[in-house]
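Order of the sequence lines fixes the chain letters, A, B, ..., with proteins taken first and strands second; residue numbering starts at 1 for each chain. Every heavy atom of this structure was used, including side-chain atoms; hydrogens, water molecules and symmetry mates were not.
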Amino acid sequence: MIQKPVRTRYAPSPTGLMHVGNLRTALYEYLIARSQGGSFVLRIEDTDQERLVDGAVSVIYQTLAQVGLRHDEGPDIGGAFGPYVQSERKALYRPYAEQLAREGKAYYCFCSKERLDRLKESAEADGGHFNGYDRHCRDLPAAEVDRLLAAGTPYVIRQKMPLNGSTTFSDAVYGDITVDNSELEDQILLKSDGYPTYNFANVIDDHAMQITHVVRGSEYLSSTPKYNLLYEAFGWDVPTYVHLPLIVGNDGRKLSKRHGATSFADLVGEGYLPAAIINYIALLGWCPKDTRELFTLDELCQVFSIDGISKSPSVFDYDKLDWFNGEYIRAMEPSDFVALIRPELDKVFAGRPYEAPLLAELLQPRLIRLTQLPAMIHFLVERQDYSLDLFYNKKNKVSPDQAKTILPVIRQSLADLPLWTREAVHDSLMALAAGQQLKTGQVMWPLRIALSGQEITPGGAIEIAVILGREESLARLQLAIGRLNEQQ
RNA sequence: GGCCCUAUGGUCAAGCGGUCAAGACGCCGCCCUCUCAAGGCGGAAUCAGGAGUUCGAUUCUCCUUAGGGUCACCA
């Protein structure tokens with residue numbers, strides 16, 4: 001048996017930002033293709049002319065590029081199966097629909113939008129539920145069809161569903177699924193504006209582009225029997241379906257705005273790294289054979305396999321994403337990390353000189369999301385209003401009284417330093433502690449509070465002193481001493 | 001409501017008839033420590049319920065329950 005080369009496709013509609021669910025679908029399509037030496041195709045599905053959003057196509061390109069999902073064929077780079085934008089393929093679909101009509105597998109329907117609406121309303125008024133189109137035009141006499149067509153009556157072309165029996169299709173993750181044909185509506189193939197519906201265009205294009213694996217969210221599961229019937233009507237090979245479990249919010253419902261950031265752009269805006277996002281969503285609904293969790297995109301290509309995809313919906317967990325992001329930050333080369341935070345540092349220090357390497361050293365193990373950086377180091381550029389109670393620390397046996405005594409000594413010692421380096425500050429403070437028979441903390445705690453005005457700081461007193469510089473450090477110490485003195 | 005899907009700790013999840021039911025996030029404790037992180041060590045926490053099948057069910061079948069998806073000239 002000859003194995004056809006694997007071809008997957010990402011087929012988004014350009015209707016706005018890229019939702020993480022869509023991103024994950026694109027990722028899995030990419031991984032399925034790459035893990036089997038296949039091709040990954042990008043196709044833009046813009047058959048709904050009303051929902052098009054300006055710039056949405058470039059968002060798609062940007063996002064794919066940002067996360068490293070390189071497509072092998074697409075509107076921007078071409079390929080052997082173009083065009084890759086459905087609106088540019090518009091003329092292709094009609095002949096297929098007409099072919100089906102000729103063969104008695106589809107029919108012209110002249111029902112007006114109003115009649116359809118009435119149908120739905122009366123069904124609901126009866127307390128029942130709308131069960132789809134009533135097949136009013138399904139058996140129109142040929143002469144009548146010709147007459148209406150000739151008269152220029154607006155029409156759609158509908159697929160004729162079998163009236164009885166059932167349809168079974170096979171999904172690579174969900175297994176065999178069977179549905180009674182009586183459940184299937186005579187779906188529209190060609191809309192009255194001449195555009196194909198999504199369902200129709202999808203089948204035609206996937207076949208034309210020789211797509212072997214149709215990967216999409218499980219919300220499409222219930223419309224898949226209709227796809228199957230379409231492939232059968234044309235006598236085409238049915239592709240391998242790979243339906244993906246939904247990504248939901250912490251309330252179990254489909255992930256949406258109220259759960260927080262849901263688009264890739266939102267996530268990046270909140271300070272997450274593209275690589276961390278990809279790594280996290282790769283593991284949302286898929287699991288490798290071992291217990292590994294950290295993967296680059298290339299590594300994912302090596303280990304991905306369809307049988308690791310799960311069936312149940314996954315809750316998007318921002319805590320776990322945080323962890324991944326922290327891991328990625330900590331794993332960076334120091335120089336890369338400096339480059340990453342440089343823009344933020346520039347903003348915080350606003351033109352003042354600062355010591356990037358030391359700041360980076362303090363920040364790298366502590367930073368979870370880029371956006372947290374300003375708040376973490378703001379105290380370095382602006383003196384804080386703080387309560388003298390911060391000088392209390394029972395573990396170190398430190399109190400405002402004790403601080404009042406030790407701070408002047410510390411200040412003097414630092415003022416006398418010939419060099420203001422990390423090592424010099426460190427040595428002098430340690431010597432001071434030893435000389436006064438104090439624990440390290442009894443020197444460092446009051447100093448850190450005096451310098452930062454915060455109970456929690458990235459790094460310790462020594463690092464803060466070095467970053468602040470001699471002048472500012474001594475000034476802040478003097479301020480603290482003054483406040484402590486005037487308290488009693 | 002019809003149809004379809006799903007069901008292991010709070011979350012992601014391994015498991016595919018016999019396990020003390022992995023691992024990770026989060027949480028708690030300890031260590032390290034001038035604070036917070038990072039790091040190290042440890043801990044609590046899971047098979048929705050009920051019938052079967054079987055020598056033996058988390059695992060297979062059925063029912064119940066609970067979630068979700070879908071019922072457009074949207075994708």
message: Of the listed nucleotides (B/C36, B/G69, B/A75), which one gets closest to any side-chain atom of A/Glu219?
response: B/G69
- prompt: Within this structure, what is the CG-to-P distance between A/Leu255 and B/G67, rounded to whole angstrom?
  reply: 20 Å
- prompt: Is any NZ, NE, NH1 or NH2 atom of the basic residue among A/Glu114 and A/Arg118 found under 4.0 Å from an Asp or Glu carboxylate oxygen of the other?
  reply: no
statement: Quick note, A/Ser13 side chain, CB onward, closest among B/A75, B/A72, B/G26 is B/A75
message: Tell me the interatomic distance from A/Gln187, atom CD, to B/C74, atom P, rounded to whole angstroms.
response: 12 Å
Test: A/Asp46 and A/Lys90 ion pair at under 4.0 Å: no
Euclidean distance for P, B/A14 against B/A51 (whole angstrom): 28 Å
query: Considering only B/C3, B/A75, B/C25, which nucleotide approaches the side chain of A/Tyr220 most closely?
result: B/A75
- request: Can you check each nucleotide of nucleotides 9-14 of chain B against protein heavy atoms at under 4.0 Å and return B for base, S for sugar-phosphate only, - for none, in 5' to 3' order?
  value: --SSSS
task: Verify the contact: side-chain N or O of A/Trp323 to OP1 or OP2 of B/C25, cut-off strictly under 4.0 Å; return yes or no.
output: yes
message: So if I take every side-chain heavy atom of A/Val179 and compare against B/C74, B/C4, B/U35, which nucleotide ends up nearest?
response: B/C4
query: Does A/Glu355 pair with A/Arg422 as a salt bridge, N-O distance under 4.0 Å?
result: no
field: Closest listed nucleotide, where the reference is the side chain of A/Ile456 and the choices are B/C36, B/A75, B/C4
entry: B/C36
- line: Rounded to whole Å, the CD-C1' distance (A/Glu463 to B/A38) equals 14 Å
message: Using heavy-atom distances to pick each residue's nearest nucleotide on RNA chain B, tell me which of A/Asp48 and A/Leu321 is more 5'.
response: A/Leu321
message: Using the P atom as the point on both nucleotides, what is the distance between B/G23 and B/A7, in whole Å?
response: 22 Å
field: Separation of B/C3 P from A/Phe169 CZ (nearest whole Å)
entry: 16 Å
- request: Tell me which nucleotide among B/G39, B/C5, B/C34 gets nearest to the side chain of A/Ile177.
  value: B/C5
B/A13 versus B/A21 - spacing of their C1' atoms, nearest Å: 12 Å
statement: Interatomic distance, CD@A/Gln159 vs CG@A/Leu190, rounded to 0.5 Å, equals 13.0 Å
field: B/G9 versus B/A45 - spacing of their P atoms, nearest Å
entry: 14 Å
message: Give me the distance, rounded to whole Å, that separates B/U19 from B/U8 when you measure between the C1' atoms they each carry.
response: 14 Å
message: I'd like the C1' distance from B/G17 over to B/C71, given in whole Å.
response: 39 Å
- request: Just say parallel, tilted or perpendicular for the rings of A/Tyr107 and A/Tyr133, cut-offs at 30° and 60°.
  value: parallel
message: Please verify the inter-ring angle class for A/Tyr227 with A/Tyr198; under 30° counts as parallel, over 60° as perpendicular, anything in between as tilted.
response: perpendicular
message: Strictly by Watson-Crick or wobble contacts shorter than 3.5 Å, is anything paired with B/G56, and which nucleotide is it?
response: none
- request: Apply the ring-ring contact (aromatic ring centres under 6.0 Å, His included) test between A/Tyr280 and each candidate in A/Tyr272, A/Tyr328, A/Phe316, A/Phe264; give the one that qualifies.
  value: A/Phe316
query: Taking a pair as Watson-Crick or G-U wobble with both distances under 3.5 Å, which nucleotide is matched to B/U6?
result: B/A66
- line: When both distances are under 3.5 Å in a Watson-Crick or G-U wobble arrangement, the nucleotide paired with B/A44 is none
- request: Please check the phosphate of B/A75 (OP1 and OP2 only) for any side-chain N or O of A/Lys191 closer than 4.0 Å.
  value: yes
field: side-chain contact (heavy atoms from CB on, under 4.5 Å), paired with A/Phe337, selected from A/Arg330, A/Gln364, A/Glu361
entry: A/Gln364
task: Report yes or no: is there a donor-acceptor pair, N or O only, under 3.5 Å between the side chain of A/Thr457 and the base of B/C36?
output: no
query: Between A/Tyr241 (OH) and B/G69 (P), how many Å, whole number?
result: 22 Å
field: Between B/A22 and B/U58 - P atom distance, rounded Å
entry: 15 Å
field: Complementary nucleotide for B/A21 - Watson-Crick or wobble, under 3.5 Å
entry: none
task: For B/G50 and B/A66, measure between their C1' atoms and round to the nearest Å.
output: 15 Å
- prompt: Which of these nucleotides, B/G23, B/C25, B/A75, is closest to any side-chain atom of A/Thr291?
  reply: B/G23
query: To the nearest Å, how far apart are A/Lys120 NZ and B/G2 P?
result: 19 Å
- prompt: Rounded to whole angstrom units, what separation is found between the NZ atom of A/Lys254 and the C1' atom of B/U70?
  reply: 10 Å
query: Just how far is it from atom CG of A/Asn325 to atom NZ of A/Lys320, taken to the nearest 0.5 Å?
result: 14.0 Å
query: Quick one: A/Arg253 CZ to B/U6 C1', roughly how many Å, whole number?
result: 16 Å
Closest to side chain of A/Arg330, choosing from B/A38, B/C34, B/C74: B/A38
